2 protein chains.
Amino acid sequence: MEDRRQEILDAAVDLADEMGLEAVSMRAVAQRTGVTPMALYSHVGSKAELLDGMVGRLLAQLRLPESAGAAMPGGPGPAPDAPGPDWRERLRTLGHSARTLVHRHPWASALLFSRPAVAPDAVRVVDQINAMLRDAGVPSPEVPRLERLVGTVILGFAASEAGGRFGAAEPGCPVDWDAEFEADLDDVLRLVEMTASGKATTSMPGSR
Amino acid sequence: MEDRRQEILDAAVDLADEMGLEAVSMRAVAQRTGVTPMALYSHVGSKAELLDGMVGRLLAQLRLPESAGAAMPGGPGPAPDAPGPDWRERLRTLGHSARTLVHRHPWASALLFSRPAVAPDAVRVVDQINAMLRDAGVPSPEVPRLERLVGTVILGFAASEAGGRFGAAEPGCPVDWDAEFEADLDDVLRLVEMTASGKATTSMPGSR
DNA sequence: ACCTGAACACCGTTCAAGT
DNA sequence: ACCTGAACACCGTTCAAGT
């Protein structure tokens, strides 16, 4: 029964949302689940695994924009020319979803930097971005690098907001963070376009 | 005597370098300084302040590229036309310094996201980047946003490397991270140039 | 297979006391 | 002003024992 594990993970996420990540102890999570601390170890192995599971839950619930030409009504046949949202719109949507997720769970931003994109929920996101970049016309050898760059900008912005790096800029000049994020997304899109159109000098020769 | 404080901070930095950040406890730092745990509180106030002081020490030792037309030999008179390294070279140098610093102190990347750029050592870096962007011709209202974006890309890359987000990409296809960082810097430079030349639509209207 | 209780080796921090 | 020792309320995890 993996049911119990999910229950534990959800309790831990709720606890982090309400009291902060430092309040997430094996003992506190156990109490919230109505069980003894040691009972957790049958389901999560260790605290590190608990934290991994927590970000996994979050990534799983991240709503991804549907890829172009997918999820069309009218039968299982492929519809390769169906005009789904174009890559620009999909990338913006993904960016907004990710930022919203971090707003909702600020404690997650630090963990997202420290866990490799290895869990299926994480590779799902990576694959989505790769697909967008290919649709944009980015040459194949540049796709992985650009995927990491796009992820770094989006995640870095959200982490800077959540962690406080952007905090308390100028007291006399309040910053509109929504608008700034939009402008950053614009810049990222332009970068992708430039790489796609070959205006950028290819600075990544054969990997090796 | 602020001397003792520095001694404590350095002991903590050494401890983090050797054993990781989780080994940095008040008790361990005290032992390394040859003092009782409680004696630390006269100098650092709390553990949070200790961590702040640690990143402060690191930022203070970050070697910044000399700004254009500064530190010229031959008297205190201003030499506004002295050709120091151009903004491109200075930004690359800063990027490499920051990445090298995080390589040397991987534990610092998480802290850099969670502390506002408020300490004098941090604003020193921010001001440097602002100066580079002005030299590049970025319009004034866009300078602060672009400073944050540049910082986010550089810090985000270093944090992804140090934290493990980039870890274990494809086993069959090793990635040259030095080359990737160089390519990312190229992209950032191009973005700055575009903003400077006004090719980018100004997406940040009057704040508010 | 899952859960319990006691125990071990730790934490950050407060407090009264020393010099 | 700076340091000490004891104490408080916590940690993650191991281990033997229960069902």
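The shown structure was predicted, so the numbers you read here are calculated from the model rather than taken from an experiment.
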Notebook entry, point to check: Want to know the stems of DNA chain C: at least 3 consecutive Watson-Crick or G-U pairs with distances under 3.5 Å, which are they?
Noted result: C:4-8 with D:12-16, C:12-16 with D:4-8
Note to self: On a heavy-atom basis, which atom in A/Leu112 and which in B/Arg165 lie closest, and how many Å separate them?
What the structure shows: O-CD, 3.5 Å
Notebook entry, point to check: Which parts of nucleotides 4-19 of chain C does protein reach within less than 4.0 Å, heavy atoms only, written one letter per nucleotide 5' to 3' as B for base, S for sugar-phosphate only and - for none?
Noted result: BB-B---BBBB-----
Notebook entry, point to check: Any side-chain N or O of B/His43 under 4.0 Å from OP1/OP2 of D/dA1?
Noted result: no
Item checked: Residue pairs involving residues 91-108 of chain B (criterion salt bridge (charged side-chain N to carboxylate O under 4.0 Å, His left out); sequence neighbours excluded) -> B/Arg92-B/Glu182, B/Arg92-B/Asp186, B/Arg99-B/Glu161, B/Arg99-B/Asp178
Note to self: Restricting to side-chain contact (heavy atoms from CB on, under 4.5 Å), what partner residues turn up for B/Val153, sequence neighbours left out?
What the structure shows: A/Leu149, A/Val153, B/Leu149, B/Val188
Checklist line | Residues which pass salt bridge (charged side-chain N to carboxylate O under 4.0 Å, His left out) with B/Glu7, listed by chain and number, not counting sequence neighbours | finding: B/Arg4
Note to self: Just to verify, what does B/Trp87 make a side-chain hydrogen bond (donor to acceptor under 3.5 Å, both in side chains) with, not counting sequence neighbours?
What the structure shows: none
Margin query: Rounding to an integer number of angstrom, what distance separates D/dA9 and C/dA9 when you compare their P atoms?
Written below: 22 Å
Checklist line | Residue pairs fulfilling salt bridge (charged side-chain N to carboxylate O under 4.0 Å, His left out) with at least one residue in residues 44-55 of chain A, sequence neighbours excluded | finding: A/Arg5-A/Glu49, A/Asp52-A/Arg115
Checklist line | Residues forming a side-chain hydrogen bond (donor to acceptor under 3.5 Å, both in side chains) with B/Asp10, sequence neighbours excluded | finding: B/Arg57
Do any side-chain atoms of residues 29-36 of chain A form donor-acceptor pairs under 3.5 angstrom with protein atoms, and if so which ones, sequence neighbours left out?
residue : atom : partner : partner atom : Å
A/Arg32 : NH2  : A/Glu18 : OE1          : 2.5
A/Thr33 : OG1  : A/Val29 : O            : 2.6

